Amino acid sequence: MEKLKSVIEQLEQGKVVSNTENVKVYEKSFKDHEHVRLLMVKTNGNRYIVTVGEGTLFDELQGKNIGNGKVCPLSHENRLVLNRYFDFTVPRAFGTKIATMGLGDRLGIASPGHIETIKGHNVKPILAQQSIRELSLTNRTMNDMLDAAAFAVFQEGYEGGYGADGDHIKQESDIKIALELGISMLTLDCSDYIPTGIDAKSLEEVRTEFEKLPQDIQEYYNERYLNQIFDVNILSLSFDEETLIKYVLEYNEALNYMVYVYNEYISKLDRNFDFEISIDETETVTSPMAHFFVANELTSKGVKVNSLAPRFCGEFQKGIDYIGDVEQFERELSEHALIAEYFGYKLSIHSGSDKFKVFPIIAKYTKGVVHVKTAGTNWLEAVRVIAKTNPDLYRRMHAFALENLDVALKYYHITPDMDTIVPLDSVSDDNLADYMNNDAARQVLHVTYGLILTAKDENGAPLFKDEFFKTLDDNEDEYTRALVLHIGKHLETLGL
Ligand SMILES: O=C(O)[C@@H](O)[C@@H](O)[C@H](O)C(=O)CO
């Protein structure tokens, strides 16, 4: 702390503060706000906001008084203070007219690199984006995610606006918490309400199930869809009995939940908000017709969505390129895009990490109005930095990931070809980062992140976490460069 005395003095005198041997200064964070000066610095691996001046902002920030100033940790309480005084640190909604990119940060340290990455691109960043699955696997809270993003925008002096997505939320209790904490976007995951296997059933089988639904529901759907033609942009859609019945059986319950959540929570918010519907994390592929059916029902019930994530044909597995028939994908995506445009929301592409084969197709049909989510690839870039800068740690993490893969497969669907992973003892330190160019190794490291970050030794001490964060902190510029390169490639291929 004493090392920060001279920073305080220089701030008081209105001097430009520069790095010293012991203190890294985040120059872009400097703010002079109503007689209070603030600057973010790092010393001994810890970041602080150093402040001098007088007034309520100075008084409200909590920290240690040194000389005439104060050294404030990046605590949750101090984040709330920044939110009250600096609007740009508060997450905001972006509506349906501009592209947005979900930049999930499982570590809470990637956002400075993401902010650098989006410069010069036509996209707004959703810097805070974590699913309940990710938060529980990493032992983090929604507030940890929000704090990290707000401090990152402050550190980088980024005033262009960012979003915070409560991603893949299923339970009502989690919706309530996330909304109260100030998220600007909610991704409602309806997969628990979408039964699988309906598509494979015969007309007779599904008809029997349909007839078990209340009479008024059956009539409602029959009247609305049978013997009708729907003109959707250049598409002309009509439903036969079997198709309609299957969609009703697949989506009726999910639709009820979407409508309920919208009426109960989203429509009552007194702030702009991005509401996303996700029907992607299920084995039931969303055909363009099914997409239309869901969207048409939502619209008729007054539900306003900002984006919708279908389950596309083929496979969007985590951390690797698209698997499947690219021509079929193009045909279907073009229709999904027309449907989204017709209803006035953005198509949302989940598991958007590394889908380079299909990004140009997505770019062509969504014409710069799309939402793409990434998360795992940002973690994998951190792992790449570890492989380059701390080979010994990488080796231990890699071995641990292979040993514990089975546990991680309960949470993620991946199909890595394990035979393509070169044995660790045959790879020199200089080549360890090449594992991050091998699909199977990427996937193994991708899905085991939670296990790696929470593993403990026999004394209960973190097995990797502390060393992992220290290594990345010592190499923060390297991590930023890696993200600029890799996520930059995403943005360029997406034409954003
Ligand atoms: O791993 C997760 O739970 C999330 O990051 C993803 O499912 C997220 O919604 C996503 O699609 C990131 O690519």
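Note that this is a predicted model, so its numbers are computed, not measured. We use all heavy atoms of the structure for the numbers below, so side chains are in, but hydrogens, waters and symmetry mates are not. Counting starts at 1 for both ligands and their atoms, in listed order.
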inquiry  = Taking the basic N atoms (NZ, or NE/NH1/NH2) and the acidic carboxylate oxygens, is any pair closer than 4.0 Å for Lys42 and Asp473?
reply    =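 Asp473 and Lys42: salt-bridged.
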inquiry  = Could you check whether Glu116 pairs with Arg481 (Lys NZ or Arg NE/NH1/NH2 to Asp/Glu carboxylate O, under 4.0 Å)?
reply    =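 Between Arg481 and Glu116 there is no salt bridge, as every charged N stays at least 4.0 Å from the carboxylate O atoms.
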Check ligand 1 against [X] and write out every atom of the ligand that is under 4.0 Å from a heavy-atom position of the residue.
X: Ala375; answer: 5 (O), 12 (C), 13 (O)
X: His168; answer: 7 (O), 9 (O)
X: Gly352; answer: 13 (O)
X: Glu281; answer: 7 (O)

Check the orientation of [X] and [Y]. Use parallel for under 30°, tilted for 30 to 60°, and perpendicular for over 60°.
X: Phe293; Y: Tyr221; answer: tilted
X: Phe343; Y: Phe292; answer: tilted
X: Phe329; Y: Phe312; answer: perpendicular
X: Phe154; Y: Phe88; answer: parallel
X: Tyr449; Y: His446; answer: perpendicular
X: His350; Y: His168; answer: perpendicular

Counting only heavy atoms, which portion of [X] has something under 4.0 Å from ligand 1: side chain, backbone, both, or neither?
X: Arg106; answer: side chain
X: Thr374; answer: backbone
X: Ser131; answer: side chain
X: Gln130; answer: neither

message = Using a 3.5 Å cut-off on N or O atoms only, is Asp167 in polar contact with ligand 1?
response =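 Yes.
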query = Taking only residues at least two apart or on different chains, which pairs with a member in residues 90-122 satisfy ring-ring contact (aromatic ring centres under 6.0 Å, His included)?
reply = none
Closest protein heavy atom (residue, atom, distance) for atom 1 (O) of ligand 1 = Tyr412 OH, 2.5 Å
ask   = Nearest to atom 11 (O) of ligand 1, what protein heavy atom do you find, and at what distance?
value = Ser351 N, 2.7 Å
message = Please compare His350, Glu134, Lys318, Lys373 and report which has the shortest non-hydrogen distance to atom 7 (O) of ligand 1.
response =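 Nearest option to atom 7 (O) of ligand 1, by heavy atoms: Lys318.
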message = Any heavy atom of Phe316 closer to ligand 1 than 4.0 angstrom?
response =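 Distance cut 4.0 Å: Phe316 fails for ligand 1.
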